[in-house]
Amino acid sequence: VSLNVANSTPTDEYCSNEGAKLLTLNPPDGRLFINNVEVPTISDPTGNQYQLSSATGSLAPFQVRYEKTSGIAGCLNSASRTIFLFPSPVADFTDASRCFDTPFSLTSLNNTNAVSWSWNMDDGTAVINGNAINHVYPSTLLAAGFGSSRDFNVNLTVEAAPQGVSQRICKDSRTRAITVGSLPNI
């Protein structure tokens, strides 16, 4: 009896935003249990299959057991493993119009289990680290032909670590266009 995970890791630890994990169960027509509850599988000529995802229930851990009874004597064989599916962060931040040569702040909106934040401001400056940042777009970035405003594609990447369970790092990234305009002449 075998219970295999597609694209498995040595520790069976996965992030929820990596997509469903396909379990392949051999030989076919056995019984699959997740956290001691029997679940239906998809029959396939090469073995039964099951899509394990965050929609399956709680995220971590899953106690997975596959059983197959064979023969007239009803001999039972089984395979078990613990699979961890950790919640992934959601990189998000508010965006609003800004003015050149004027300091402004951006703050990450999701900080659950976050361990790092990296901001790329799309202006050639070094990546800025931190949950909340301050930045200034200099008016020298408003080149001829851009009119009185310019869009910058700001990217936030958030990394999170499950609380004291693993060395696994889950991450997410979001890019939003921020419009920066010229200050009015007074």
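Pairs passing the disulfide bond (SG atoms under 2.5 Å apart) check and including a residue from residues 4-44, sequence neighbours excluded, read Cys15-Cys170.
Atom CE in Met121 sits 3.5 Å away from atom OH in Tyr137 (nearest 0.5 Å). Going from atom CG of Leu183 over to atom OG of Ser148 covers 11.0 Å, rounded to the nearest 0.5 Å. Note that the OG atom of Ser149 and the CD1 atom of Ile178 stand 13.0 Å from one another [nearest 0.5 Å]. The structure places CG of Leu25 at 13.5 Å from CZ of Arg31, a figure rounded to the nearest 0.5 Å. Atom CD1 of Ile42 is separated from atom CG of Leu32 by 11.0 Å, given to the nearest 0.5 angstrom. With rounding to the nearest 0.5 angstrom, the CG atom of Asn4 is 6.5 Å from the OG1 atom of Thr24.
Listed here is the closest heavy atom pair of Gln51 and Ala20: OE1-CB, 3.2 Å. Nearest heavy-atom pair, Thr107 versus Phe93, reported as atom, atom and distance to 0.1 Å: O-CB, 3.4 Å. Nearest heavy atom pair, residue Ser182 against residue Phe100, reads N-CD1, 3.9 Å. Between Ser78 and Glu67 the shortest heavy-atom distance is CB-CG, 3.8 Å.
You'll find the side chain of Val154 stays beyond 4.5 Å of the side chain of Asp122, heavy atoms only. Counting heavy atoms from C-beta on, the side chains of Phe152 and Thr179 never come closer than 4.5 Å. Residues Val136 and Phe104 form no side-chain contact, since every pair of their non-hydrogen atoms from C-beta on lies 4.5 Å or further apart. In this structure, the side chains of Asn120 and Asn153 stay at 4.5 Å or more apart for every pair of heavy atoms. For the pair Val64/Leu23, a side-chain contact is recorded, criterion being any heavy-atom separation below 4.5 Å from C-beta on. Between Ser173 and Asn155 there is a side-chain heavy-atom pair separated by less than 4.5 Å. When side chains are defined from C-beta on, Asp12 does not count as touching Thr82, because their heavy atoms never get closer than 4.5 Å. Contact check for Thr125 versus His135: side-chain heavy atoms found under the 4.5 Å cut-off.
Side chain to side chain, Ser139 and Asp101 meet the donor-acceptor criterion of an N or O pair below 3.5 Å. If you check the side chains of Arg65 and Asn36, you find a donor sitting under 3.5 Å from an acceptor. A side-chain donor-acceptor contact under 3.5 Å links Ser105 and Asn134. With no hydrogens or angles considered, no side-chain donor-acceptor pair links Asp92 and Ser108 at under 3.5 Å.
Leu85 and Ile34 end up in the same hydrophobic cluster when Ile, Leu, Val, Met, Phe, Trp and Tyr side chains are linked at under 4.5 Å. Note: the hydrophobic cluster containing Val39 also contains Phe62 (ILVMFWY, side chain heavy atoms under 4.5 Å, direct or indirect links). Linking ILVMFWY side-chain heavy atoms closer than 4.5 Å, directly or via other members, places Ile133 and Val180 in a single hydrophobic cluster.
One N or O on the side chain of Asn35 and one on the backbone of Gln63 form a donor-acceptor pair closer than 3.5 Å. A donor-acceptor pair is defined here as one N or O able to donate and one able to accept, closer than 3.5 Å; no such pair exists between the side chain of Ser8 and the backbone of Ala6. Of the possible polar contacts, one joining the Arg81 side chain to the Leu3 backbone as a donor-acceptor pair under 3.5 Å is found. Of the possible polar contacts, one joining the Trp119 side chain to the Gly130 backbone as a donor-acceptor pair under 3.5 Å is found. Listed for the Tyr66 side chain is a donor-acceptor partner under 3.5 Å among the backbone atoms of Pro27. A donor-acceptor pair under 3.5 Å is formed between the side chain of Arg150 and the backbone N or O of Leu141. Side-chain atoms of Lys68 come within 3.5 Å of backbone atoms of Pro28 as a donor-acceptor pair (strictly under, hydrogens ignored).
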Audit row: Val5, Tyr14, side-chain contact (heavy atoms from CB on, under 4.5 Å) steps and yes/no: CA-CA 11 Å; Val5 180; Tyr14 308 96; 3.6 Å; yes
With side-chain contact (heavy atoms from CB on, under 4.5 Å) as the criterion, how do Asp172 and Thr157 come out once you've worked through the C-alpha distance, each side chain's angles and the decisive distance to 0.1 Å? CA-CA 6 Å; Asp172 188 41; Thr157 299; over 6 Å; no
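Residue Asn7 qualifies as open at atom CG: its count of foreign heavy atoms under 6.0 Å is 12 or below.
Scored by the salt bridge (Lys or Arg N to Asp or Glu O under 4.0 Å) test, Lys171 finds Glu159 as partners (sequence neighbours excluded).
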